[in-house]
Amino acid sequence: MKTRLPTIAIGLAAALACSAPVLSQQVPAPQPAPAPAPSPAAPPAGTPSPAQSTPLPTTTAPGPGPGTNQAPTPPAPEKALPPATPVPPAAGRPPLVANPGDPSDVDEVTLPAKPAAILSGNAKWDQALPSLKDAIAKVEAALGQAGIKAVGKPISVFTRTDDDGFQFEVMVPVEAAPNPRPAGLPDDLRFGATPSGKALRFTHKGSYEGIDQTYETVTAYLDAKGILVQDAFVEEYLTPLGGPSDDALEVNIYALPK
């Protein structure tokens with residue numbers, strides 16, 4: 001396998017209560033008019049007014065309080081939070097084989113044939129990661145615009161390799177191949193089936209730059225067991241392809257014996 005070089009403070013309203021004497025329900029007898037009361041002496045200069053001696057807090061604004069038998073006005077609701085970030089398209093989709101693989105072991109599995117949208121391409125080895133990412137993104141976008149439901153993790157099938165580069169087919173499993181074909185799909189997008197049958201599964205966890213080491217393990221295992229496999233290797237991306245140094249990447253590599 002060719003070496004690979006591939007994310008309130010709320011202000012409280014103050015209400016000033018003014019009390020007034022309550023009038024008796026009995027009408028009092030007429031009384032002679034009282035002599036006028038002497039005018040009160042003016043307060044000495046410099047005496048502060050009541051409002052000055054007991055001012056309102058500067059952080060509140062005066063206003064009318066709730067009337068009799070009137071419920072207080074509830075505070076205004078808080079501003080709604082922005083919508084949550086959308087889940088990545090491939091999140092939650094099942095892989096080709098339900099049970100997870102073990103990076104320290106090899107599994108013999110059976111791959112099911114699933115209908116898939118397929119896009120072919122080719123790339124140089126030093127552009128492997130961006131080329132595969134772009135192809136997957138193109139397929140995902142086309143399916144979304146056409147309203148076709150994707151139901152599996154994206155995969156790449158390496159159909160031919162040499163010293164200069166490789167040819168590949170990117171596949172995204174779908175619920176069913178549409179019939180008739182929706183208008184507006186890219187001309188180079190076709191529908192077919194994912195690889196199926198007996199396979200050996202190797203699991204790679206770590207950056208795409210380090211996937212070459214996993215392929216060395218694959219080659220050594222096949223040589224030691226004397227197993228002949230088909231020329232096409234399959235990579236299934238359990239996590240989205242990020243940068244070349246993204247250590248959170250997890251990939252299933254399938255080798256199909258002849």
Side-chain angles (χ1 to χ4, degrees), residues 1-7 88-91 93-103 105-114 116-140 150-162 165-174 192-222 229-257:
M1 192 64 184
K2 175 66 179 177
T3 300
R4 290 173 143 68
L5 302 173
T7 258
R93 301 180 196 166
L96 294 174
V97 180
N99 61 303
D102 184 352
D105 200 1
V106 181
D107 295 320
E108 295 184 3
V109 298
T110 300
L111 300 180
K114 293 187 175 182
I118 306 172
L119 182 67
S120 299
N122 57 78
K124 299 295 184 181
W125 288 111
D126 59 355
Q127 292 297 309
L129 183 58
S131 297
L132 296 174
K133 286 177 61 176
D134 289 347
I136 292 172
K138 183 176 180 179
V139 175
E140 295 275 8
V151 296
K153 305 288 187 181
I155 67 176
S156 296
V157 181
F158 296 86
T159 57
R160 182 177 179 181
T161 63
D162 56 33
F166 61 97
Q167 295 178 356
F168 65 89
E169 292 180 342
V170 159
M171 303 183 180
V172 177
V174 295
T194 60
S196 60
K198 298 294 183 180
L200 299 174
R201 178 177 60 180
F202 303 80
T203 300
H204 171 76
K205 289 187 177 182
S207 69
Y208 202 79
E209 287 178 331
I211 201 170
D212 192 45
Q213 297 176 2
T214 303
Y215 274 99
E216 291 177 359
T217 301
V218 173
T219 302
Y221 179 88
L222 296 177
V229 297
Q230 300 178 27
D231 293 336
F233 279 83
V234 179
E235 291 183 357
E236 179 183 34
Y237 308 110
L238 305 182
T239 59
L241 284 173
S245 301
D246 179 12
D247 290 332
L249 180 66
E250 186 171 351
V251 183
N252 281 334
I253 301 174
Y254 298 102
L256 287 71

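Atoms considered below: every heavy atom in the structure, side chains included; atoms not considered: hydrogens, waters and symmetry mates.
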Straight-line distance of [X] [atom1] to [Y] [atom2], nearest 0.5 Å:
| X | Y | atom1 | atom2 | value |
| --- | --- | --- | --- | --- |
| His204 | Ile211 | NE2 | CD1 | 5.0 Å |
| Thr217 | Leu222 | OG1 | CG | 10.5 Å |
| Asn122 | Gln127 | CG | CD | 12.0 Å |

Using the six-membered ring wherever Trp is involved, compare the ring planes of Phe233 and Tyr215 and label them parallel, tilted or perpendicular (cut-offs 30° and 60°). perpendicular
Students often mix this up, so state it plainly: with edges at 30° and 60°, are the rings of Phe202 and Tyr221 parallel, tilted or perpendicular? perpendicular
Can you sort out the partners of Lys133 under salt bridge (charged side-chain N to carboxylate O under 4.0 Å, His left out), two or more places apart, ordered by chain and number? none
Going by salt bridge (charged side-chain N to carboxylate O under 4.0 Å, His left out), name the residues that satisfy it together with Asp134, two or more places apart in sequence or in a different chain. none
What I want to check is whether the side chains of Ser120 and Gln167 have a donor and an acceptor closer together than 3.5 Å. no
Could you check whether Asp246 and Ser207, counting side-chain N and O atoms only, form a donor-acceptor pair closer than 3.5 Å? no
Validation row: Val172, Arg93 side chains within 4.5 angstrom (heavy atoms): yes
When Ile253, Asn252, Thr203 are each screened for side-chain contact (heavy atoms from CB on, under 4.5 Å) with Glu236, the one that passes is Asn252
Before giving the answer on side chain to side chain contact (heavy atoms under 4.5 Å, CB included), spell out for Arg201 and Val106 the whole-Å C-alpha distance, their side-chain angles and the decisive distance to 0.1 Å. CA-CA 6 Å; Arg201 178 177 60 180; Val106 181; over 6 Å; no
Derivation and outcome, side chain to side chain contact (heavy atoms under 4.5 Å, CB included), residues Leu111 and Val97: CA-CA 7 Å; Leu111 300 180; Val97 180; 3.8 Å; yes
Take atom CD in Gln230; do more than 12 heavy atoms of anything else shown fall under 6.0 Å from it? yes
Testing the basics here: between Ala199 and Leu256, what is the closest heavy-atom pair and its distance to 0.1 Å? CB-CG, 4.3 Å
Treating Thr239 as the side-chain partner and Glu250 as the backbone partner, does any N or O pair qualify as donor plus acceptor under 3.5 Å? yes
Check whether Thr194 reaches the backbone of Lys114 with its side chain - one donor and one acceptor, N or O, closer than 3.5 Å. yes
